[in-house]
Amino acid sequence: QVQLVESGGGLVQAGGSLRLSCVASGRTFSSYVMGWFRQAPGKEREFVAAISWRGRNTYYKDSVKGRFTISRDNAKNTVYLQMNSLKPEDTAVYYCAAKAGSSTSTATGDYAYWGQGTQVAVSS
């Protein structure tokens, strides 16, 4: 079992930055692929970014490439999402998720553990 708790959301103006954090319980954090997803009102949950066990490989949704950076600190059981140059269309609830196994994935169904989400709102 892995429990995930996100933090760092908030209200920011367009062009601003936020850093989301997700702290995981358990001693096997380093064996999970970690992902960030988001869900805007009336829309399906979508992939944002993922990072491999040791952080060597990262993957991003096309619309966030160059603006968002995913990273992890296995010693702190924490994964981060640095979000720069935020746009109103980035407004959503952001979720942290954990996936067992070594292969990364953009599919929500491949992630077994989810946090409760943190709200990000970007004003124009």
Side-chain angles (χ1 to χ4, degrees):
Q1 287 284 345
V2 176
Q3 292 185 326
L4 305 171
V5 179
E6 304 100 331
S7 62
L11 174 63
V12 64
Q13 289 188 332
S17 299
L18 285 173
R19 187 174 85 153
L20 306 183
S21 299
C22 172
V23 180
S25 64
R27 293 175 291 178
T28 59
F29 175 74
S30 60
S31 66
Y32 287 89
V33 167
M34 299 301 297
W36 285 97
F37 292 77
R38 67 187 182 187
Q39 187 167 18
K43 295 188 177 181
E44 293 187 352
R45 193 170 299 188
E46 65 177 8
F47 170 78
V48 175
I51 188 166
S52 59
W53 288 350
R54 297 180 182 178
R56 293 176 180 173
N57 298 305
T58 56
Y59 304 88
Y60 297 94
K61 176 180 174 64
D62 284 346
S63 63
V64 308
K65 286 180 182 177
R67 300 188 299 121
F68 291 10
T69 303
I70 188 171
S71 61
R72 68 190 295 165
D73 184 339
N74 287 344
K76 295 182 178 180
N77 280 14
T78 302
V79 61
Y80 305 97
L81 185 67
Q82 177 67 43
M83 305 186 295
N84 299 328
S85 302
L86 283 161
K87 304 176 180 180
E89 52 263 43
D90 295 318
T91 295
V93 177
Y94 283 71
Y95 297 90
C96 169
K99 174 189 176 294
S102 61
S103 60
T104 54
S105 172
T106 63
T108 56
D110 287 341
Y111 289 77
Y113 303 102
W114 292 83
Q116 82 289 350
T118 185
Q119 177 72 54
V120 171
V122 184
S123 62
S124 58

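- Atom OG1 of Thr69 sits about 8.0 Å away from atom CG of Leu81, to the nearest 0.5 Å.
- Note: Gln39 CD to Tyr95 OH = 5.5 Å, rounded to the nearest 0.5 Å.
- Checked by atom type and distance alone, the side chain of Trp114 never pairs as donor or acceptor with a backbone atom of Leu4 at under 3.5 Å.
- Under a 3.5 Å cut-off, the side chain of Thr91 and the backbone N or O of Val122 do form a donor-acceptor pair.
- Looking at every heavy atom in both residues, Met34 comes nearest to Ala98 through SD-CB, 3.6 Å.
- Taking all atoms of both residues into account, the shortest heavy-atom contact from Val2 to Ala24 is CG1-CB, 4.1 Å.
- The aromatic rings of Tyr113 and Tyr32 stand perpendicular to each other, their planes meeting at an angle above 60°, with 30° marking the opposite boundary.
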What pairs of donor and acceptor atoms, side-chain ones from residues 11-23 against any protein atom, are under 3.5 angstrom apart with sequence neighbours left out?
residue: Ser17; atom: OG; partner: Asn84; partner atom: OD1; Å: 2.9

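- Around atom CD of Gln3, no more than 12 heavy atoms belonging to other residues, nucleotides or ligands sit under 6.0 Å away.
- Residues Tyr60 and Met83 are members of one and the same hydrophobic cluster, defined by side-chain heavy-atom contacts under 4.5 angstrom among Ile, Leu, Val, Met, Phe, Trp and Tyr.
- The CG atom of Asn74 sits 5.0 Å away from atom OG of Ser30, with the distance rounded to the nearest 0.5 Å.
- Counting only heavy atoms from C-beta outward, the side chains of Thr108 and Glu46 never approach each other to under 4.5 Å.
- The NZ atom of Lys65 lies 9.5 Å from the OG1 atom of Thr58; values are rounded to the nearest 0.5 Å.
- Phe47 and Val79 sit in two unconnected hydrophobic clusters of ILVMFWY residues. Membership requires side-chain heavy atoms under 4.5 Å apart, directly or through other members.
- The stretch residues 85-96 participates, sequence neighbours left out, in these salt bridge (charged side-chain N to carboxylate O under 4.0 Å, His left out) pairs: Arg38-Asp90, Arg67-Asp90.
- Of all the heavy atoms in Cys96 and Glu6, the pair that sits closest is N-OE2, 2.8 Å.
- Taking the side-chain hydrogen bond (donor to acceptor under 3.5 Å, both in side chains) definition, one finds that Asp110 meets it with Ser105, sequence neighbours left out.
- Contact check for Phe68 versus Lys61: no side-chain heavy atoms found under the 4.5 Å cut-off.
- Residues meeting the side-chain hydrogen bond (donor to acceptor under 3.5 Å, both in side chains) test with Lys76, sequence neighbours left out: none.
- With contacts defined as side-chain heavy-atom distances shorter than 4.5 Å, the pair Ile70/Tyr80 does not qualify.
- For Ser124, the side-chain hydrogen bond (donor to acceptor under 3.5 Å, both in side chains) test picks out no residue, with sequence neighbours left out.
- Scanning for ring-ring contact (aromatic ring centres under 6.0 Å, His included) contacts around Tyr111 gives Phe37, with sequence neighbours left out.
- Note that OG of Ser7 is 8.5 Å distant from CD of Gln116, once rounded to the nearest 0.5 Å.
- Under the 4.5 Å side-chain heavy-atom criterion for Ile, Leu, Val, Met, Phe, Trp and Tyr, Ile51 and Val33 are members of distinct hydrophobic clusters.
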